[in-house]
Amino acid sequence: MAVPPLSQGAGYGVVIGLGALFAIVVVGISRSLVRYAGISRDAEEFSVARRSLGTGLTAAAVISSWTWSTTLLSSVSTAYNYGVAGAMLYASGNCTQIVLFSTLAIQLKRRAPSVHTYLELVRIRFGTLPHFTYIFFALATNILVCSSVLLGGAAAINSITGMNTYAALFLLPASVVAYTLRGGLRSTILADYLHTVIIFIILFILWLRAYATFPEIGSPAAMYDLLVRAQRNINVEGNYQGSVLTLKTEGGQYFAWLSALEYTGVVFLDASFHQKGVAAMPEAAFPGYLIGGLAWFSIPFCLATTAGLAALALETAYPGFPTYPNRIPKADVSAGLVLPYAAQALLGKGGSAAVLLLMFMSCTSAISAQMVGVSTVVSYDIFKTYFRPTIGADKLLRVNQYVVAGFGLFAAAFASLLHGIGLDLGIIYNLTGIFTGAGLSPLIFIFFDTRLHPAVVFPGIWINFASGVAVWLSLAYHRSGVVNLESVGGVVPCLAGCGTGIGVGLVLSLLSVFFFPREFAWERIPEILEQQHREQVARVTKEPVAAIAGEGKTESINSTDPRSQLEIIENDPAYNKARLDRFFKIAVASSLTIFVVITIIWPFSLYRDYVFTRNFFQGWVIVSFIWAILAFVGVGIFPLVQGIPVAKTILFNLRNKVKNGGREQGEGTVSPGAEKASEGQSNSSFVA
Ligand SMILES: NC(N)=O
């Protein structure tokens, strides 16, 4: 590994200092919203932001919770491995599941608008064992995601500053816990927004440096020439003519399909994505996911087309490249270090500092979303459901907070364990699908079909999982003659294992739907909720169910209870059935179109015996930059514009406070004059 360009002090300074600064800023904004914009603090606000997010913040939340350190590091490594195709295929393989997810978000609003997590829907439909099965796979997904985010981030920080990897693994989550504890979903989204803006700014700087001002490159045409020259030492196995300038890539395709499948599993099973769908207003869910997904595409596409190709062009040609005159060692590529090396070559210490910032931003924004997701699952799906069914909103908020702190510690310890046994970002990235594939097919049927048999969920998902593991390990052994970290982390065995889990689940689901249907009526949800609630209370209080029923349901209802949410939502015109049906149709049509265009037509129309010409390459690079600019408008500027009414409300109330000599009108008070502004709350993405 090359000598770290920055000091350890810089590493600790960013991770601890910037962490503290972010915590202060975000807690400050969060307090202002409570004091001056009428936002209250309880479990409902903590977990689903009162289901009030507008389009802008939903989009910002989606892009930032999908922009992991893994995204930045792996996309650049993939471009380094497979050339221009790697950048494009990383982006396309990981983008469309976000857009496709918008259909699940709307469907949940149409069919089960009162739930906080999709796991509640599983329980309503199938009961306890299927519920626990999905809780297991949902939490496994969160743990794998956090591990890969932390492992990639800590490895990069270690290579840039020499900071101890274990220290980075523990300090990165620590700074997130502070503001997540305080504000829950809304404050993590506000922090995410700030992170995303900074990530885009650094992306623009890198692109402009590589393609406009860097003396060794300086233009897309010069990059092309350097790549052609570098090609003399490079033969990418499986690429047309071994070229880094073709989209015909076998290895890149395997990688893209592994990404598409395993990360569809991640997005659909990870409670934090559903949570943002739940938190979005009905009219904001689809456009929020659409803008977020398309904007996200630009980050790996533009970044990898810049840094991944710059690394290929410079590593053996430019003495300022950290590994010059050698190619980057394989282990460093797998650990995700191509991005820090390229940034250092392009911008010197400034580039290393930029990547350090990128790592901090992307790790903390992803981890905060994961923390809120996990805390919501543990508090609502485990604690409230099985231990304290009548718990109030305030007490549930406490549980949420304990879980946030506990999960932060657990994630750091687990990632340290993986680091200790030699698992790096590349291996975790590949094997994630073994865990996320098993539950994917049944989940799609749970959302979109009413005939699934409970046995397909339990024990069905365990059968899918066991089949996936068997195929994965056998193929690893068959290809390498040995089962070790290297063989089980290979793309092909992992793709086969993930595909098997999904495929077996699909076959079982179809068999059940066509031959053993178990009809479910969505209209029965209120009745089932009531019955399940009575059973939970009876189990905890050890009273007969009939006695609980005699108490009358309102006595044990509070704002965290899906039954009360159902009543609120039923009276909300935003949840009008015809309106939701229309959103659903638009979401299905648009997301399928985007899937077909971005994942099938675009890459496969160019999957031919073709090496980019200089002109084509220039156009390609310019498109990557324009896409990033449009994305910034969507997720950087649009949320700000939508937030203006709430900013006005806060300023109005602050001014009143100053006029009244520091006396407040009361916490959460919105003055009459400002009410007009806060009417925009439902449209305003900063509160809303
Ligand atoms: N978020 C991903 N898959 O990079």
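Values below: every heavy atom of this structure, side chains too, minus hydrogens, waters and symmetry copies. We count ligands from 1, going down the list as the structure has it; atoms in each ligand are counted the same way. Just so you know, residue 1 is the first one in the sequence shown, and it goes up from there.
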* **Atoms in ligand 1 flagged as close to Y90, the criterion being non-hydrogen separation under 4.0 Å** => 2 (C), 3 (N), 4 (O)

* Determine the sole option in Y118, W66, Y289, W296 for which the ring pair (Phe, Tyr, Trp, His ring centres under 6.0 Å) test with F101 is passed. => Y289

* Under 4.0 Å from ligand 1, counting heavy atoms only, is it the side chain of Y429, its backbone, both or neither? -> neither

Tell me the protein heavy atom at minimum distance from [atom], and give that distance in Å.
| atom | answer |
| --- | --- |
| atom 1 (N) of ligand 1 | W66 O, 2.8 Å |
| atom 2 (C) of ligand 1 | T71 OG1, 3.4 Å |
| atom 3 (N) of ligand 1 | N94 OD1, 3.2 Å |

* Asked: What residue pairs, at least two apart or across chains, pass side-chain hydrogen bond (donor to acceptor under 3.5 Å, both in side chains) with a residue in residues 422-434?
  -> N94-Y429, S259-Y429, S334-D424

* Structure fact -> Sorted by chain and number, sequence neighbours left out, side chain to side chain donor-acceptor pair (under 3.5 Å) with T96 holds for T599

* Please indicate whether F414 has more than 12 foreign heavy atoms, meaning atoms of other residues, nucleotides or ligands, lying under 6.0 Å from its CZ. => no

* Pair D381-Y134, side-chain donor/acceptor within less than 3.5 Å -> no

